[in-house]
Protein chains: 2
Amino acid sequence: MRSDARRNYERILAAASAEVAVTGADASLEKIARDAGVGSATLHRHFPTRQALLEAVFHDRVEVLCAQAAELSLADWLRAVAEYGATTRGLAASLLAPPAPSGCETMLSDAGGALLRRAQQAGEIRADVAIIDLLTLVNAVSLATQDGPEAIRLTTLALNGIRP
Amino acid sequence: MRSDARRNYERILAAASAEVAVTGADASLEKIARDAGVGSATLHRHFPTRQALLEAVFHDRVEVLCAQAAELSLADWLRAVAEYGATTRGLAASLLAPPAPSGCETMLSDAGGALLRRAQQAGEIRADVAIIDLLTLVNAVSLATQDGPEAIRLTTLALNGIRP
DNA sequence: CACTAACCGGAGTGGCACCCCGTTTGTCAA
DNA sequence: TTGACAAACGGGGTGCCACTCCGGTTAGTG
């Protein structure tokens with residue numbers, strides 16, 4: 001990778017982070033390119049799809065989230081995912097959109113999968129749920145409660161059920 | 001309302017129903033107008049916002065759903081809502097987007113609210129949930145599982161909780 | 001039948017995603 | 001240091017979109 005290419009890549013990523021934080025997952029790619037000081041063609045060359053750009057934007061933070069799986073209970077970790085998803089514009093939407101074969105979704109599945117397996121072996125969690133079910137549920141809640149303080153409450157509700 | 005205005009209104013609604021069923025909540029309004037044989041200005045005059053058009057498209061079906069609240073248990077009714085939301089392109093997205101003051105959301109709240117109150121008085125449901133929580137949850141699941149067969153399973157999971 | 005308010009729709013504006021291709025630039029070997 | 005070439009760039013083009021303006025048309029009324 002040539003030095004100017006790497007420089008532009010970083011600039012685009014920085015501009016995208018800022019813009020996505022304000023506008024969400026459907027931010028204008030043109031504006032991101034403009035803010036980054038590159039032509040729109042350059043943006044499209046580095047990130048062939050909008051999804052690819054979003055994955056890059058969220059990658060680091062998702063990694064942190066995955067690392068926390070080692071220190072939290074399953075329920076607490078899911079709540080952490082919900083909170084981050086709800087407060088980070090565009091993340092939930094980008095996670096739900098496509099089953100990207102090797103992206104943030106996979107990282108979360110791996111981290112949460114281990115956590116879930118342990119909890120199931122300890123008999124704390126029913127055996128008929130998969131990690132993908134829980135992540136889908138949590139992301140759905142994050143998406144629905146975007147910017148609201150309800151994400152954690154609703155996640156907890158979904159994990160506990162509606163019976164007394 | 002003049003007769004030609006009413007006629008165009010109906011045509012637009014029909015075209016919109018067809019298009020939204022295929023494309024989803026972000027269908028092209030231009031194409032809808034074209035299919036309906038009217039100018040785009042006419043569409044915008046009758047439906048000032050995209051949301052207004054979607055509300056009109058889904059209104060009848062949501063009414064049916066509300067009527068079913070009289071014959072079903074709360075859980076079954078929520079599953080019906082989930083199923084309809086997941087199989088009807090664009091509905092879940094349009095219900096979650098804005099807290100429209102007097103639209104489909106309100107109809108569902110009213111119908112479900114009565115159902116919930118009864119269930120809570122019977123002690124079947126915890127007292128600290130509101131109907132809006134449950135609808136948000138169900139719509140979130142519908143949105144996340146768009147076109148998938150998982151909507152009902154995940155809804156049931158969320159209602160029952162994750163413990164054995 | 002004439003008149004007017006309601007209604008219509010084509011054309012215009014500004015924005016967007018995405019791509020083509022002539023031009024520039026980094027790199028490396030001579 | 002210099003030359004050559006692949007790699008990367010970006011302006012400009014295309015086609016689509018939402019939304020609005022305004023001159024022309026039509027339905028209904030007396």
- Qualifying salt bridge (charged side-chain N to carboxylate O under 4.0 Å, His left out) pairs, either residue in residues 131-140 of chain B, two or more places apart: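 Listed once each, the pairs are A:Arg153-B:Asp133.
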- Query: Which salt bridge (charged side-chain N to carboxylate O under 4.0 Å, His left out) pairs, counting each pair once, include a residue from residues 29-40 of chain A, with sequence neighbours left out?
  - Reply: A:Lys31-A:Asp35
Please tabulate, one pair per line, each protein N/O and nucleotide N/O from nucleotides 2-6 of chain D that are separated by under 3.5 Å, including the distance.
none

- Message: List the residues meeting salt bridge (charged side-chain N to carboxylate O under 4.0 Å, His left out) with B:Asp76, not counting sequence neighbours, and say none if there are none.
- Response: B:Arg79
May I have the distance from [X] (atom [atom1]) to [N] (atom [atom2]), rounded to whole angstrom?
| X | N | atom1 | atom2 | value |
| --- | --- | --- | --- | --- |
| A:Asp4 | D:dC9 | CG | P | 5 Å |
| B:Asp26 | D:dC16 | CG | C1' | 14 Å |
| B:Gln51 | D:dC19 | CD | C1' | 17 Å |

Single-linkage hydrophobic cluster, 4.5 Å side-chain cutoff, [X] and [Y] together:
| X | Y | value |
| --- | --- | --- |
| A:Tyr84 | A:Ile152 | no |
| A:Leu54 | B:Leu143 | no |
| B:Val138 | B:Leu96 | no |

- Hey, does B:Ala27 reach any base, or is it just sugar-phosphate, or nothing, if we go heavy atoms under 4.0 Å?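 Touches sugar-phosphate only.
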- Message: Name the residue from B:Val57, B:Leu53, B:Leu29 that meets the side chain to side chain contact (heavy atoms under 4.5 Å, CB included) definition with B:Ile12.
- Response: B:Leu53
- Item | Option among A:Thr145, A:Leu134, A:Leu137, A:Val141 that satisfies the side chain to side chain contact (heavy atoms under 4.5 Å, CB included) test with A:Thr155 |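 When side chain to side chain contact (heavy atoms under 4.5 Å, CB included) is applied between A:Thr155 and each of A:Thr145, A:Leu134, A:Leu137, A:Val141, only A:Val141 qualifies.
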- Task: Give me the other members of the hydrophobic cluster that A:Val22 sits in, counting Ile, Leu, Val, Met, Phe, Trp and Tyr linked by side-chain heavy atoms under 4.5 Å, directly or via other members.
- Result: none
- Go through the structure and list residues passing side-chain hydrogen bond (donor to acceptor under 3.5 Å, both in side chains) with B:Arg61, not counting sequence neighbours.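 For B:Arg61 there are no side-chain hydrogen bond (donor to acceptor under 3.5 Å, both in side chains) partners, ignoring immediate neighbours.
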- Item | For B:Asp128, all residues meeting side-chain hydrogen bond (donor to acceptor under 3.5 Å, both in side chains), sequence neighbours excluded |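 Scan of B:Asp128 (side-chain hydrogen bond (donor to acceptor under 3.5 Å, both in side chains), adjacent residues dropped) gives B:Arg126.
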- Does OP1 or OP2 of D:dA27 have a side-chain N or O of B:Ser3 closer than 4.0 Å?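 No.
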- Message: Could you tell me the boundaries of the chain B footprint on DNA chain C, defined by atoms under 4.0 Å from its heavy atoms?
- Response: C:dA5 to C:dA11
- Message: Below 4.0 angstrom, which residues in residues 5-21 of chain B have at least one non-hydrogen atom near DNA chain C?
- Response: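 Within this stretch, B:Ala5, B:Asn8 sit under 4.0 Å of the strand.
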- Query: Which residues in residues 40-48 of chain A have at least one heavy atom lying under 4.0 Å from any atom of DNA chain C?
  - Reply: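 DNA chain C contact set from residues 40-48 of chain A: A:Ser40, A:Ala41, A:His44.
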- Please identify each residue that fulfils side-chain contact (heavy atoms from CB on, under 4.5 Å) with B:Arg89, with sequence neighbours left out. B:Asp147
- Item | Those residues that, when tested against B:Tyr9, pass ring pair (Phe, Tyr, Trp, His ring centres under 6.0 Å) (two or more places apart) |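 Applying ring pair (Phe, Tyr, Trp, His ring centres under 6.0 Å) to B:Tyr9 gives B:His46, B:Phe47.
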